[in-house]
Every structure is written in C-alpha cells, then in structure tokens.
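Values reported hereafter were calculated over all heavy atoms of this structure, with side chains retained and with hydrogens, waters and symmetry mates removed.
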Amino acid sequence: MRDSEDFDAFYATSSRRVLAHVTMMVGSRADAEDSVAEAYLRAWNRWHKISRFDNPEAWVRQVAYRHAVSAWRKAVNRLHAHRSDNADRHVEGLSPDHVAIVAALRRIPADQRRVIVLHHLAGLSVAEIHRETGIPAGTVTTWLARGRRALAAHLTDSEMFETGQERRDV
C-alpha cells in the first residue's frame with residue numbers, strides 16, 4: 001500500500017511539469033500526453049526500483065521523450081500533416097509571446113529544442129542535462145548556444161530589420 005501512496009504523491013507533484021517539458025520538446029501536446037502517460041505507466045510498473053533513483057522525474061521525462069521520438073519515427077508523414085494543419089490555428093487563452101515561442105521552438109532542430117526546453121523551462125543545468133540525456137556537456141552547451149541563436153532569428157520581427165531597429169533579446 002505504501003508504494004501506491006508514494007507513487008500517487010510523485011505523480012501529483014510531477015506530472016504537469018513533465019507534460020509541459022515534453023510538450024515543448026516534441027512540439028505536440030497530444031503526442032506528449034501519450035508519451036507521458038506511457039512513461040508514468042512504466043514508472044508505476046517499476047516503482048519499487050524507480051522510487052530509489054536520485055531523480056525519478058528525470059527518468060520519467062527521459063522515457064517520455066524517447067517514446068515520443070520513437071512514435072515520431074514511425075509516423076513522420078502523419079506528424080508533418082498534423083503540424084501543417086495546426087500551424088495557423090489560433091489557440092484561445094495563450095499570450096502572443098507564448099504562441100511565438102512555441103512556433104519558434106518548432107522551427108529549430110529537435111536536439112537544440114530539447115536542450116533549450118530542459119535548460120530554460122525545466123531549469124536543469126548543463127550537468128543535469130548531461131546526466132539525464134547522456135549528451136556530452138560540451139555538446140549541450142553548443143546546442144544551447146545554437147538554439148538560442150536560431151530562436152532569436154525566429155522571434156525577431158522582420159519589420160525591425162527593414163526599419164533598422166534593434167532585435168529583441170530572447
């Protein structure tokens with residue numbers, strides 16, 4: 001019975017945060033929801049082991065991300081059609097900045113998007129990203145720098161360049 005209570009508490013405190021992180025990493029809330037649900041199911045099935053990890057949330061996030069990538073690889077054409085259909089759709093209740101950031105994240109390479117989300121949204125350090133993903137710390141740093149530059153390019157208004165105004169910082 002204690003395992004059930006521990007897992008319920010873990011799920012209650014981490015599930016929304018993990019869903020937000022994975023959504024930003026993969027660019028689709030629907031795909032993220034499926035992957036996060038699968039990751040928590042796997043965590044529940046192994047809770048006696050997972051609960052002893054230093055950071056069970058990182059394990060769930062990693063499993064969810066890998067599940068999402070695997071599903072993406074199996075359905076590239078479906079995902080492409082999904083993104084095309086939703087690219088111009090207005091989502092109620094989201095600020096223009098949020099929409100612009102999500103759209104910009106979708107336009108940068110997946111590896112850069114992943115480390116940007118883990119660093120800036122999940123609040124992980126470069127060392128923590130390395131431990132969670134296995135990506136060398138130097139590569140994480142490089143992808144963060146490239147990702148920031150790519151985001152800046154996508155978040156800059158084209159009119160600003162035409163009028164000679166400075167770019168906004170990301």
Partner set under side chain to side chain donor-acceptor pair (under 3.5 Å) for [X], not counting sequence neighbours:
X	answer
H98	none
R66	none
S14	Y40
S35	H67

Can you name the nearest heavy-atom pair linking A64 to A39, along with the distance?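 Heavy atoms of A64 and A39 come nearest at N-CB, 3.6 Å.
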
Going from [atom1] on [X] to [atom2] on [Y], what distance comes out if it is rounded to the nearest 0.5 angstrom?
X	Y	atom1	atom2	value
S70	Y65	OG	OH	11.5 Å
W47	D8	CH2	CG	10.0 Å
W44	L41	CH2	CG	10.5 Å
D34	S28	CG	OG	8.5 Å
H154	I108	NE2	CD1	7.5 Å
L151	R107	CG	CZ	10.5 Å

Summary of salt bridge (charged side-chain N to carboxylate O under 4.0 Å, His left out) pairs that have at least one residue in residues 48-60, sequence neighbours excluded: R17-E57, E57-R61

Considering only distance and modelled atom types, tabulate donor-acceptor pairs under 3.5 Å from the side chains of residues 139-147, sequence neighbours left out.
residue : atom : partner : partner atom : Å
T141    : OG1  : A137    : O            : 3.0
T142    : OG1  : G138    : O            : 3.0

Holding to side-chain contact (heavy atoms from CB on, under 4.5 Å), I want the full list of residues that pass it with A32, two or more places apart in sequence or in another chain.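 A32 satisfies side-chain contact (heavy atoms from CB on, under 4.5 Å) with L19, V22, T23, V26 once adjacent residues are dropped.
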
Please list, chain by chain and in numerical order, all residues satisfying salt bridge (charged side-chain N to carboxylate O under 4.0 Å, His left out) with [X], sequence neighbours excluded.
X	result
R42	E38
E33	R29
R114	none
R46	none

T13 side chain vs F10 backbone, donor-acceptor pair below 3.5 Å: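 Yes, T13 side chain to F10 backbone: donor-acceptor pair under 3.5 Å.
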
Review item, side-chain donor-acceptor pairs of residues 115-130, under 3.5 Å, at least two apart:
residue : atom : partner : partner atom : Å
H119    : ND1  : L124    : O            : 2.9
H120    : NE2  : R148    : NE           : 3.2
H120    : NE2  : R148    : NH2          : 3.3
S125    : OG   : A127    : N            : 3.4
S125    : OG   : E128    : N            : 3.1
S125    : OG   : E128    : OE1          : 3.4
E128    : OE1  : S125    : N            : 2.7
H130    : ND1  : I135    : O            : 2.8

